[in-house]
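Note sheet for the following structure.
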Amino acid sequence: MNTVDYVIYAFLAINITFNLLGSIALHRFPDVYTRLHGATKCTTFGTIFAVLAVVVHSLYRLDVTGDPKYLQMTLHSVVALIALLLTNPTGAHAIAKAAHLSGVKPVKAVIDAYEGKLGGGEE
Amino acid sequence: MIEPVFFYSALIIMVGAFIAVLRVLLGPTVPDRVVGVDTLNTLVVAGMVLLGAAYDRTIYIDIAIVYALLSYIGTLAIARYMQGGLK
């Protein structure tokens with residue numbers, strides 16, 4: 001057990017905590033908009049720390065063994081993280097707008113600022 | 001050379017993925033099910049990256065990249081269909 005192991009354990013603990021919180025948020029919130037809020041934010045944050053743990057692990061293995069396979073693993077993990085960070089909020093926005101346009105109303109909402117501003121079926 | 005920490009982390013993340021599948025099965029409206037599928041996709045990508053580190057295979061991480069982009073396209077197609085047809 002050295003310092004790198006403790007850093008990897010801390011990153012993996014944050015990853016597990018936030019990913020499980022994101023999937024529990026799907027069952028604890030009342031309507032689709034709050035579920036989208038909890039699930040998207042928590043799973044994106046947890047996946048950032050999963051990729052950070054893999055990056056630390058593979059950079060340490062690259063330092064120990066000198067195998068260029070581990071450099072490739074680092075770079076591809078970062079590319080996967082960038083793809084997820086670009087696509088996840090965009091998909092969540094598209095789901096929220098489509099849910100509002102298809103007639104699902106927010107539960108217990110006092111002010112619905114989108115009401116009447118979006119035409120049905122048009123962009 | 002398997003790293004047990006990454007393997008068990010991926011196992012616990014798959015438990016979270018099963019909880020997301022429950023929302024897909026139970027969801028009262030169609031957008032609820034789509035939110036469940038979106039969460040499931042993100043968790044599967046995280047699990048694939050962790051399994052790639054566990055089994056020392058870079059090809060798993062490449063498949064995670066392709067899966068993230070394809071699931072994004074699928075989510076966008078379902079969202080366009082829900083808001084009034086694929087036009």
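By convention in this document, chain letters (A, B, ...) are assigned in the order of the sequence lines, proteins followed by strands, and residues within each chain are numbered from 1.
Residue A:Ser58: no heavy atom, backbone or side chain, is found under 4.5 Å from chain B. In this structure, chain A has a heavy atom under 4.5 Å from the side chain of B:Thr75, while its backbone stays farther away. Residue contact with chain A, scored on non-hydrogen atoms closer than 4.5 Å, involves the side chain of B:Asp38 exclusively. Using a 4.5 Å cut-off between heavy atoms, B:Leu40 does not touch chain A at all. With a threshold of 4.5 angstrom between heavy atoms, A:Ile8 approaches chain B through side-chain atoms but not through N, CA, C or O. Contact annotation for B:Ile13: only side-chain heavy atoms (C-beta onward) come within less than 4.5 Å of a heavy atom of chain A. Heavy atoms of A:Ala13 lying under 4.5 Å from chain B are absent altogether.
Taking both residues in full, the closest heavy atoms of B:Thr58 and A:Met73 are given as CG2-CA, 3.9 Å, listed atom of the first, atom of the second, then distance. The minimum heavy-atom distance linking A:Ala98 with B:Met82 is given by the pair CB-CE, 3.8 Å. Between A:Asp31 and B:Asp32, the shortest heavy-atom distance links the atoms C-OD1, 4.5 Å. Residues B:Ala20 and A:Ser23 approach most closely at N-CB, 4.5 Å, considering heavy atoms.
Taking OH of B:Tyr8 as the start and CD1 of A:Ile16 as the end, the distance is 12.5 Å to the nearest 0.5 Å.
Taking A:Leu26, A:Thr43, A:Thr47, A:Thr90 one by one and counting their heavy-atom pairs under 4.5 Å with chain B, the maximum is reached by A:Leu26. Annotation: maximal heavy-atom pairing with chain A below 4.5 Å, among B:Val45, B:Ile12, B:Val34, B:Val35, occurs at B:Val35. Counting heavy-atom pairs closer than 4.5 Å to chain A, the top residue among B:Thr29, B:Ile65, B:Leu26, B:Val30 is B:Ile65. Considering only heavy-atom pairs separated by less than 4.5 Å from chain B, the leading option among A:Leu20, A:Ile95, A:Leu21, A:Thr40 is A:Ile95.
Residues B:Val5 and A:Val51 fall within the same hydrophobic cluster, defined by Ile, Leu, Val, Met, Phe, Trp and Tyr side chains chained together at heavy-atom separations under 4.5 Å. B:Leu69 and B:Val66 fall into different hydrophobic clusters, where Ile, Leu, Val, Met, Phe, Trp and Tyr residues are linked whenever their side-chain heavy atoms come under 4.5 Å apart, directly or through other members. One hydrophobic cluster, built from ILVMFWY side chains closer than 4.5 Å, cannot hold both A:Ile14 and B:Val15; they sit in different ones. One hydrophobic cluster, built from ILVMFWY side chains closer than 4.5 Å, holds both A:Val54 and A:Val4. B:Leu76 is not connected to B:Val37 by any chain of hydrophobic side-chain contacts under 4.5 Å among Ile, Leu, Val, Met, Phe, Trp and Tyr, and they are in different clusters.
Residue pairs meeting the ring pair (Phe, Tyr, Trp, His ring centres under 6.0 Å) criterion with at least one partner in residues 14-39 of chain A, sequence neighbours excluded, are A:Phe18-A:Phe45.
At a heavy-atom cut-off of under 4.5 Å, chain B is reached by A:Val79, A:Ala80, A:Ala83, A:Leu84 from residues 78-85 of chain A, listed in order of number.
You'll find the side chain of A:Tyr70 reaches within 4.5 Å of the side chain of B:Asp56, heavy atoms only. Taking 4.5 Å as the limit, some side-chain heavy atom of A:Asn19 sits within range of a side-chain heavy atom of B:Leu43.
Neither side chain, A:Asn88 nor B:Tyr72, offers a donor N or O lying under 3.5 Å from an acceptor on the other.
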I'd like to know whether B:Leu50 forms a side chain to side chain contact (heavy atoms under 4.5 Å, CB included) with A:Leu12, so could you lay out the CA-CA distance, the side-chain angles of the two residues, the decisive distance to 0.1 Å, and finally the verdict. CA-CA 10 Å; B:Leu50 288 176; A:Leu12 285 179; 3.7 Å; yes

